[in-house]
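Reading through the structure tokens given below for one structure.
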Amino acid sequence: MSATANQSSKTSNTTGRLSGDRLVELYRTMVLSRYLDERVWLLNRQGKAAIAASAQGHEATQVACIEATDPSQDHYLIYYRQFTAMLALGTEPEEMLRGFLAKEADPMNAARQFPLHGAHPRVDLFNFSNVIATQLPQAAGVALADKLKGSDAVTIVFFGDGASSQGDTHEAMNFAGVHKLPVIFFCENNRYAISVPLENQMGIESVASRASGYGFPGVQVDGTDVLAVHEAMTAAVDRARAGDGPTLIEASVERLLPHTTDDDHTRYRSADDIEKMSDRDPISIMSELLKRSDLLTDSQDESIHANAKKRVNHATDTVDAEPYPGVESMFDHVLEGSANGGNS
Amino acid sequence: MSATANQSSKTSNTTGRLSGDRLVELYRTMVLSRYLDERVWLLNRQGKAAIAASAQGHEATQVACIEATDPSQDHYLIYYRQFTAMLALGTEPEEMLRGFLAKEADPMNAARQFPLHGAHPRVDLFNFSNVIATQLPQAAGVALADKLKGSDAVTIVFFGDGASSQGDTHEAMNFAGVHKLPVIFFCENNRYAISVPLENQMGIESVASRASGYGFPGVQVDGTDVLAVHEAMTAAVDRARAGDGPTLIEASVERLLPHTTDDDHTRYRSADDIEKMSDRDPISIMSELLKRSDLLTDSQDESIHANAKKRVNHATDTVDAEPYPGVESMFDHVLEGSANGGNS
Amino acid sequence: MAEQTVIEAVRQTMLAEMKRDDSVIVLGEDVGSRGGVFLATDGLVEEFGENRVIDTPLAESSICGVALGAAVNGMRPIAEIQFADFVWPAINQLVGEASKVRYGTNGVKNAPMTVRVPYGGGVRGGLYHSQSIEVLFAHTPGLSVVAPATPYDAKGLLVSAIRSNDPVIVLEHKRTYRLVKGDVPEENYSIPIGNAEIKRPGSDLSIFTYGLMLHYSLQAAEMAAASGLNVEVVDLRTLRPLDEETIAESASRTGKALIIQEDTPAVSISSEVAAIIGEKCFFDLDGPITRLGPPEIPPMPFSPVQEAAFMPSPEKILDAINKLAQI
Amino acid sequence: MAEQTVIEAVRQTMLAEMKRDDSVIVLGEDVGSRGGVFLATDGLVEEFGENRVIDTPLAESSICGVALGAAVNGMRPIAEIQFADFVWPAINQLVGEASKVRYGTNGVKNAPMTVRVPYGGGVRGGLYHSQSIEVLFAHTPGLSVVAPATPYDAKGLLVSAIRSNDPVIVLEHKRTYRLVKGDVPEENYSIPIGNAEIKRPGSDLSIFTYGLMLHYSLQAAEMAAASGLNVEVVDLRTLRPLDEETIAESASRTGKALIIQEDTPAVSISSEVAAIIGEKCFFDLDGPITRLGPPEIPPMPFSPVQEAAFMPSPEKILDAINKLAQI
Ligand SMILES: Cc1ncc(C[n+]2csc(CCOP(=O)(O)OP(=O)(O)O)c2C)c(N)n1
Ligand SMILES: Cc1ncc(C[n+]2csc(CCOP(=O)(O)OP(=O)(O)O)c2C)c(N)n1
Ligand SMILES: [Mg+2]
Ligand SMILES: [Mg+2]
């Protein structure tokens, strides 16, 4: 897929529906994400961030997916691994770090929840809980509301291969299929649910193949391939906006790091499995693609890296100095108008 | 399908793997089931039975399904519509009636539960609750235990089209697919979940088509056709006993009566829809098949009906005279050894 | 002012609220042409169409999850759980998710959703059509739980639930649906969530109860009156938040507290009412805080004999009144 | 007799029971080569193989439903719910189904299954890795619920759970896993389900508590001793059935009852303990039945500052002791 896309980009300096400039922009976000992600792990090792899940390995998929959508109207039900997607949707590195460091100004949840949980005040991006797969029926509901309102918006809901086993996933896809809702089920399949490999999760190879059981298309794409993901997503978004119903997209990616900062994947992954992953690092793949397509020079690449690092350093310094929340605010927003949801 | 089967029976007086004698036997059970079922509705109208769900329309499917199994070792997780299946498994009409009339001697649950709920003391046939689809993960667990024990037993779990929407159904099939368990998922698709028609339940036509999403075969059969159901079940049982894993069978049937005695299906079914059902009455279809195959004469048929009626009358008289439970036994069997599961 | 049954009050209220506000939708099993198994939604699909009255697949988790998603995107869904006994698959979406939407997003999102749950026994429902399921909901911060027992309260509290900007669980006792009748004003009114009501004032002893047991308690209070006992009956009406003030005031005034409930007692609404009284009214009481409920066995037997033995009755309540009054 | 942590006692107990009885199997998320996220099952798959230590798909309802099915067919499954916060999808299989297997079949079937549920806060888990989920289980007839707080009790109660012929929910407080150490005899022993234990005898005031709060309460009792107060600390240990006798005896003897819990108070274990005392000990008490718990907000904030403010602490318990003792 990359190869073909690559060719077309050589001739037109756009690749599929993506211009060369946009491609470089996406790469920039990916690199920023990688640096920020690494920083967060460092902050965890320093005892400053309690826990972190990483998007390393998922960056290409996430930027390409978001690129095919319209943040001014669409809805995004993310899960904890949507680090890059949040940046692609305009979340600032400072905002991300506030979540990890549990600072008062955390925009998503004011330090009540794990990072990447809560709701964003500017884009309609949210993740109510850490409970796997609950977001899928919710996404069907969001899309149902748009259908009733006659809105043009599309709902994109993200989940992992592990989430595909939950009953909620089935119920959501079934409901969306019955009502032909404008929702895209986007599965980032990294072949592991924490330590449980795909073959212990399902008796089949591909999550996307289940879509036919709900009456809508399922597509499997290489999640390290920005062009392939973007193309599949564009088709799905067009389909949804045209009122033709849901699509299930499954992007195959690698989880380059352990499940979270609390995990040690050498307990359950073979050395060989871990070793082989590096071939599928989306940052190198994208960098090579851009260079082969004459969209990026070595020195431009270096400056993208340098800028990302600077940006991350700056954000870290800023947020590190910010205050933690006080005690009183923990009583807010239990119910409307309540500073206390108590029994009185 | 009937036509072909019919032909082969003409030559050999056996039909598929079923002898003519067995076919007549199955027919006898179907007719008994029909009379008993009608009686139960009458008892409800007389205010004696609180509620009843009917198997009318499902009789052929249920006798054929059970016929392919081995009640001496297999496990049956039924649901409330398995009226005929219970008779096929050797439950006496008296035992069935005790359930409906909530008599002390009710073998399944001692009048604690709705009829057809509880567990049978002689055959491994059970239905813990009325909550739709909970039996499917349980069936996977039963089959898992057999696999661990190295037993040859097969687990058959019954459910309706409505149950296919539940998350538990997905989780059960997924688990069974991963572990290639000796379990048969048997769906009696009567196109209605109470009043909700199939098109509001799913975006597809056939429940069986979902099996491929779990890595095992799915088969759709005409549930009024004893031979077709028996053939599909025999293949599934063979497959399960051979250790090759689950099968999903979907039998298309009609629910000839309203959902239960509490329901009025003219509220939601068109006159035309109701009218057309009678073509699919499995009793007439089976009777015709047997007659065409020279397995049954008109007078034999009449005596089968007369005997069934007599049997049902006798059972009604017997059970009607039996005592209701007293109060004290309601404290038994909360926990082992307890006549009271209370807080002390 | 027309006399209505509880179920008719519920139906009329939904009808009126759906007329008033386009964002109100109804979803659940058989709520369309069937009109709901209790006919609570009878006629709604004819009036508002299949877009606003949605016959869902048989899958409670998605009924509540879809309602939640629609609620955060501008709708005011009323989800119907067909029988309380079938709410368990939806616990994750209600207790795990809906209750924490506002809190977990620091107020960025909120979920104005209503979940109607017909519950309770005495209807020959056996183990799986009789359950009381209030405990977990009443325990969960971020949820409100109402349990009206009269047609008037059913309307007033359902209006409050539908218009609330947070999730509200509405518990409707199935046995009251057609049994209990009462006057319901045609005009718009609402009853604030969180207010108990003294349904019968008295001075000798206070009964605290809700749901079907309110009616049994009122009957028992009448019987007690015959022997000169003046029993107060407090209808809790809202189970979360409990109206601690009304509870404490009543118990302190009469000095004797009797808590009646249909649900099994261990770790329940009656436990909490007792705890409130034990903490707030200790110096004003002149008798043990007494509870009357069914035995600690799975609720409830299908056998009519055993069902009757399981449920509290006016007679059993009268016994408890007399016993406590004598202390 | 070796000193062990709680988590090590749990692990060793499962190891020993699996050796003793072939029908004991373990299933859950990441219980295989990962050894469980808390390492409770570390080494088990190496010892017993993938047939008896099953890494399940990520689907709690099926974990419990499969365990139930296997239990009625001759196995003694131990299902692990990775975090208590993820037990909600399985409520239907536990509260709806497992609890009523024996009762609903009139004793023809029974379900000897154990469900281990790591719960509780103070671990920087935020809203979805800190929850206390005992209320509904403790309310449900047909279930037993234990909540050991020490390595000794963890072993003794887990043995009872595994060998029970009915479903038992085992609540293990995550914060105690590595924090709490104690002597655990190597030999086989079990602790009967349903027995509270006086962990510290005293005469001035009784504390009733369980889980992590036991340890905070013991610390507070020590501090109070410095000012001459002799505080009794009762570890409830089993939450269903509660040990009413021990509770009532202690409260009646000291005359003052203080109930401490980490879970939010409304309609909870502390409510039930208060209700028991309010009914059984009324004439022996000389102070209000007092409860100390966290505020009624969703448990619990991720912020370390707010998490600390949310949780009861030895200091807050000491305050409550002093206040009640002065009445
Ligand atoms: C209902 C539920 N069960 C268990 C967990 C614990 N848990 C957190 S992440 C995870 C694995 C998720 O795997 P997957 O969906 O593939 O996403 P990935 O982390 O691989 O991106 C598990 C089991 C949870 N959060 N929610
Ligand atoms: C979890 C749950 N939700 C709702 C119900 C109420 N209910 C009982 S039967 C039924 C329809 C079942 O339809 P289907 O599975 O197709 O079986 P059928 O009755 O048609 O044979 C419903 C909604 C229930 N018993 N359990
Ligand atoms: Mg994964
Ligand atoms: Mg059906």
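Values reported hereafter were calculated over all heavy atoms of this structure, with side chains retained and with hydrogens, waters and symmetry mates removed. Keep in mind it's a predicted model, so treat the numbers as computed, not measured. Just so we're on the same page: letters track the sequence lines, and every chain starts at 1.
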What part of [X] gets closer than 4.5 Å to chain C, counting heavy atoms only: side chain, backbone, both or neither?
X      : value
B/T169 : neither
B/I194 : both
B/D106 : neither
B/Y192 : neither
B/Y324 : side chain

What part of [X] gets closer than 4.5 Å to chain B, counting heavy atoms only: side chain, backbone, both or neither?
X      : value
C/F310 : both
C/L39  : side chain
C/S62  : neither
C/V37  : side chain
C/E60  : both

| note | Most contact-rich option vs chain B, by heavy-atom pairs under 4.5 angstrom, among C/E29, C/R124, C/H129, is C/H129

| request: Would you mind telling me which of C/P57, C/G126, C/S130 has the largest number of heavy-atom pairs within less than 4.5 Å of chain B? | output: C/P57

| Checking salt bridge (charged side-chain N to carboxylate O under 4.0 Å, His left out) for the pair B/R267/C/D30: CA distance, chi angles, key distance, verdict? | CA-CA 11 Å; B/R267 291 183 66 90; C/D30 306 291; over 6 Å; no

| request: Report the option among B/A110, B/S329, B/A133 that has the most heavy-atom pairs separated by less than 4.5 Å from atoms of chain C. | output: B/S329

| said: Looking only at heavy atoms and a cut-off of under 4.5 Å, which of B/V131, B/T134, B/D161 has the most pairs with chain C? | reply: B/V131

| If you round to the nearest 0.5 Å, how far is CG of C/D55 from OG of C/S33? | 6.0 Å

| query | Does some side-chain heavy atom of B/R255 sit less than 4.5 Å from a side-chain heavy atom of B/H265? | reply | yes

| said: I'd like to know whether C/R175 forms a salt bridge (charged side-chain N to carboxylate O under 4.0 Å, His left out) with C/E307, so could you lay out the CA-CA distance, the side-chain angles of the two residues, the decisive distance to 0.1 Å, and finally the verdict. | reply: CA-CA 13 Å; C/R175 184 86 176 90; C/E307 184 184 57; over 6 Å; no

| task | Starting from the C-alpha separation in whole Å, work towards a yes-or-no answer on salt bridge (charged side-chain N to carboxylate O under 4.0 Å, His left out) for B/E95 and B/R98. | result | CA-CA 5 Å; B/E95 295 180 298; B/R98 285 179 190 123; 5.3 Å; no

| query | Do you know which two heavy atoms are closest between B/Q166 and C/A59, and how far apart they sit? | reply | OE1-CA, 3.6 Å

| query | In terms of the angle between their ring planes, are B/F83 and B/F100 parallel, tilted or perpendicular, with boundaries placed at 30° and 60°? | reply | tilted

| query | Does the side-chain hydrogen bond (donor to acceptor under 3.5 Å, both in side chains) test come out yes or no for C/R291 and C/S271, once each step is laid out? | reply | CA-CA 8 Å; C/R291 294 191 287 165; C/S271 327; 3.2 Å; yes

| Chi angles and distances behind the salt bridge (charged side-chain N to carboxylate O under 4.0 Å, His left out) call for C/E8, C/R178 | CA-CA 8 Å; C/E8 188 56 18; C/R178 298 197 151 72; over 6 Å; no

